[in-house]
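Shown next, in C-alpha cells, is the structure this report addresses.
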Amino acid sequence: MGTDEVIEAVVVGDVMLDSWLHGSAKRLAQEAPVPVMSLEATEDAPGGAANTAANLVALGARVRLVGIVGDDACGEELVRVLRLAGVGIDLLTVPGRRTAHKRRLVTSGQLTARYDEEDHGVLPEWAERELLARLARCVAGADVVVACDYGGGVFTPAVRRALAGVPLLVVDAHAVAPWRECAPTAVLPNYEEVVRLLGGVAGEIDRPSYLMTHSERVLELTGAAIVVTTLDGEGTLLHRSGRPPYRTYARRAPQHMATGAGDTYTAAFALWLAGGATPEEAAEAGQAAAGVVVRRPGTAVCTRHELLRALRRHEGTVHPAERLARLLDEHRRRGERVVFTNGCFDLLHRGHVTYLEQAGRLGDVLVVAVNSDASVTRLKGPGRPVNPCEDRMSVLAALYDVDYVTEFDEDTPERLLRMIRPELYVKGGDYTAEMLAEAPLVRSLGGEVHVLGYLPDRSTTAIIGRMRSLP
C-alpha cells in the first residue's frame, strides 16, 4: 500500500473517553483498610470507536467518526481530544444521555481500579433518524466503513440495515450474530463469541485447533467473507472460504498494557484491506500495529511509520546487499527517506546506541552496514574483531531504530553506497564531513552527509584497553 494513497474511512459506533488517573498511595484510609491515592496527573484519550478512528488517522487515513455522545463534560472532553488527533467528527449529542467514560486508577505504574459510566438506554426515535441521515452522508464515497459495536446502543436494527451493501464493511463487535444479515466483508469477534456461536464451551477447548476444524461453519454463522478471531495474547486466526485458516502470533504483554490494542488491530486491518492488501497481509498489519501499542502505557495509537517499521522487522532485518538494494527501491516508491551508516560495531556500547537512535530519527529507513571480519582486522589490527560479523549484525538487528543490516568486505562502503544511493549518509564520532572519504561520492549520487555528536570515552578500543588493564 503506497504512502501516496489517502484512504477515506468512516468509523461508526460506540465512542467513549478513556481516562488514566496517575498518583501515589502512601497510607491507608481511616474509614477502611484501603489505600488513599493522591492524584498527580490525568491523561484523557479517545476510547472504543473513537480510538479506532484516532488510530486510522495516525496510520494515514482521512476519517469521519459517526456516533452518539451526551450533553456532558465527558462528551466535550472527548470531542477535544478527537480534534487534537485530527479525526473528522460527526457525533450526535443526545440531551440527557451519558457519554461512556472509563476511568483507570494507576498507582506507581500499577493499575489498581477501574470504574465505568455508561448509558445503554434505547435511542430516541429522533436521534436514530438523525444518526441514519449523518451515516448516509458520510458513507457515500468512503473506501472503507468500520463498525465498532460494543453494545452501547448505537447499532439499532435500522442502523445495521443501513450498512448492508457497503462494499467494504469491517465489523468489530462483541456479538457478531446480529450482523449476519448485513453480509459484512469482515468481522472481528473474540474467541469466546465464536465459541458461543458454535455452541461450545470456551474453557474445555483448545483454541486454535478447535477453530481450524470449524472454519467454514464460522463463516456461515457470521455471514462474512472473512472472519478474524482474536485469541487475546496468542494472536489471531483468519478464516476465509476455500483456504486453510491463517494464523498470526502476538508478543506477550501484561493485560493492563493491552488496553485499546484491539482497536488498533481493527484500524490497521481495515486500512490495509482498503489499500488492496490480501486478508492475510492485512492480518499481519493488524498484529504488527497491536504489537506497537502494547509496549506503551495508557490508550495509545500506532503511526504509519511505526507500523511499516514493525512489518519490516517481521520480514527480517539482515539481508545481503543485492536484496537490500531491491527492498530499498520499494521504500523509495512509497516516498520514504533512506539513512545509511556503517562501522565495525565490535562491542556495542552507549555511544553506538545513542548515535543510531539519532540517525533513525533523521529519516524513514535506517540501514547499517557492518565491516566483515577480514575488513575489521585490516582496519583495527590483529585480535580484532572480538565478536564475529554474524553476532555483530544480530545484535544491531535487535535495536528498535535499526531497520536493515548488511555486511561489506571492503575497507570503505563505496560499493554499497553506489548500490543503495541513500538520501542521507550519517557518521558518528569525532569526524567532520570533510574528513569522510565517502562524502564526495554521496553528494555526487544526490545524497547529503551528516555528522552526529560525539560521546567522549565511549569507544570499543577504549573498552578493550580497560579490560586488558584489569589484573
Side-chain angles (χ1 to χ4, degrees), residues 9-19 44-56 63-82 85 87 89-104 114-135 138-139 145-163 169-182 184 187-190 192-193 196 230 258-267 270 299:
V10 171
V11 178
V12 55
D14 301 312
V15 300
M16 59 193 71
L17 181 68
D18 279 355
S19 294
D44 293 325
N51 186 35
T52 301
N55 271 276
L56 278 163
V63 181
R64 297 297 298 178
L65 174 62
V66 182
I68 299 290
V69 293
D71 57 344
D72 50 19
C74 178
E76 293 175 359
E77 176 63 11
L78 178 57
V79 168
R80 186 187 74 83
V81 294
L82 282 168
V87 176
I89 302 167
D90 213 326
L91 297 175
L92 175 65
T93 300
V94 178
R97 194 175 183 88
R98 289 189 302 176
T99 304
H101 196 183
K102 294 185 178 182
R103 297 180 178 91
R104 295 170 175 85
R114 178 182 128 182
Y115 64 102
D116 298 350
E117 292 182 74
E118 300 175 281
D119 195 336
H120 296 287
V122 177
L123 284 182
E125 289 186 10
W126 72 265
E128 183 184 60
R129 288 195 301 272
E130 177 61 23
L131 187 65
L132 288 167
R134 295 186 181 203
L135 192 57
C138 291
V139 166
V145 176
V146 182
C148 302
D149 182 6
Y150 310 131
V154 167
F155 289 104
T156 65
V159 172
R160 284 197 302 271
R161 285 195 297 271
L163 295 175
L169 174 62
V170 176
V171 176
D172 180 13
H174 287 175
V176 295
W179 288 90
R180 189 176 190 279
E181 64 185 83
C182 294
V187 295
L188 286 76
N190 62 28
E192 286 74 15
E193 169 64 11
R196 282 195 296 271
T230 58
T259 302
D263 304 327
T264 303
Y265 184 105
T266 300
T299 308

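Heavy atoms only: backbone and side chains are in, while hydrogens, waters and symmetry mates are out.
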*asked:* Contact between V12 and L163 at the side-chain level, heavy atoms closer than 4.5 Å - yes or no?
replied: yes
*asked:* Just to verify, which of D44, T299, V87 counts as forming a side-chain contact (heavy atoms from CB on, under 4.5 Å) with V81?
replied: D44
*Of all the heavy-atom pairs spanning Y150 and G48, show the shortest one and how long it is.*
CE1-CA, 3.5 Å
*Any idea which heavy atoms bring L132 and A162 closest together, and the distance?*
CD2-CB, 3.7 Å
*Give the C-alpha distance, both sets of side-chain angles, the deciding distance and a yes or no for side-chain contact (heavy atoms from CB on, under 4.5 Å) between V11 and C148.*
CA-CA 7 Å; V11 178; C148 302; 4.0 Å; yes
*Please report the shortest heavy-atom distance between A49 and G13, naming the atom on each side.*
CB-C, 3.8 Å
*Find out whether D71 and V94 are in side-chain contact, i.e. whether some heavy atom of one side chain is under 4.5 Å from a heavy atom of the other.*
no
*For G70, does its backbone N or O pair with a side-chain atom of T99 as donor and acceptor, under 3.5 Å?*
yes
_I'd like to check V146 versus V10 (side-chain heavy atoms, cut-off strictly below 4.5 Å). Are they in contact?_
no
*Report yes if some heavy atom in the side chain of D18 is under 4.5 Å from a heavy atom in the side chain of M16; otherwise report no.*
yes
*asked:* I'd like to know if the side chain of H120 and the backbone of G151 have a donor-acceptor N/O pair within less than 3.5 Å.
replied: yes
_Residue pair N55, T264: steps toward the side-chain hydrogen bond (donor to acceptor under 3.5 Å, both in side chains) verdict_ = CA-CA 6 Å; N55 271 276; T264 303; 3.1 Å; yes
*Excluding sequence neighbours, so at least two apart, what forms side chain to side chain donor-acceptor pair (under 3.5 Å) with R129?*
none
*For E130, check side chain to side chain donor-acceptor pair (under 3.5 Å) against everything at least two apart and list the hits.*
R134
*Short question: side chain of R97, backbone of G121 - any donor-acceptor pair under 3.5 Å?*
yes
_Quick check for you: to the nearest 0.5 Å, what is the distance between T230 atom OG1 and N190 atom CG?_
5.0 Å
*Distance, nearest 0.5 Å, that separates CG of L82 from CD of E77*: 10.0 Å
*Between CG on residue L78 and CD on residue E76, distance to nearest 0.5 Å*: 11.0 Å
*Over all atoms of both residues, closest heavy-atom pair of S19 and H101*: OG-NE2, 2.7 Å
*Taking NZ, NE, NH1 and NH2 as the nitrogens, is one of them in R64 or D90 under 4.0 Å from a carboxylate oxygen of the other?*
yes
*Would a distance-only check, ignoring hydrogens and angles, find a side-chain to backbone donor-acceptor pair under 3.5 Å from D119 to R98?*
yes
*Under the side-chain contact (heavy atoms from CB on, under 4.5 Å) rule, what do Y265 and D172 come out as? Steps first, then yes or no, please.*
CA-CA 10 Å; Y265 184 105; D172 180 13; over 6 Å; no
*Compare every heavy atom of V69 with every heavy atom of G75, then report the nearest pair and how far apart it is.*
CA-CB, 4.4 Å
_Spacing of Y115 atom OH and K102 atom NZ [to the nearest 0.5 Å]_ = 14.5 Å
*asked:* Among N51, I89, L91, V154, exactly one meets side-chain contact (heavy atoms from CB on, under 4.5 Å) together with V15. Which residue is that?
replied: L91
*Inter-residue atom distance E181.CD - R161.CZ, 0.5 Å rounding*: 6.5 Å
*List the atom of L17, the atom of A45, and the distance in Å for their closest heavy-atom pair.*
CD1-O, 3.6 Å
*asked:* Can you confirm whether V66 sits close enough to L131 that some side-chain heavy atom of one is under 4.5 Å from a side-chain heavy atom of the other?
replied: yes
*In chain order, what residues pass the side-chain contact (heavy atoms from CB on, under 4.5 Å) check against D149, with sequence neighbours excluded?*
D14, F155, A173, W179
_For R103, is there an ion pair with E117 - N to carboxylate O distance below 4.0 angstrom?_
yes
*Distance from L188 atom CG to E193 atom CD, nearest 0.5 Å?*
12.5 Å
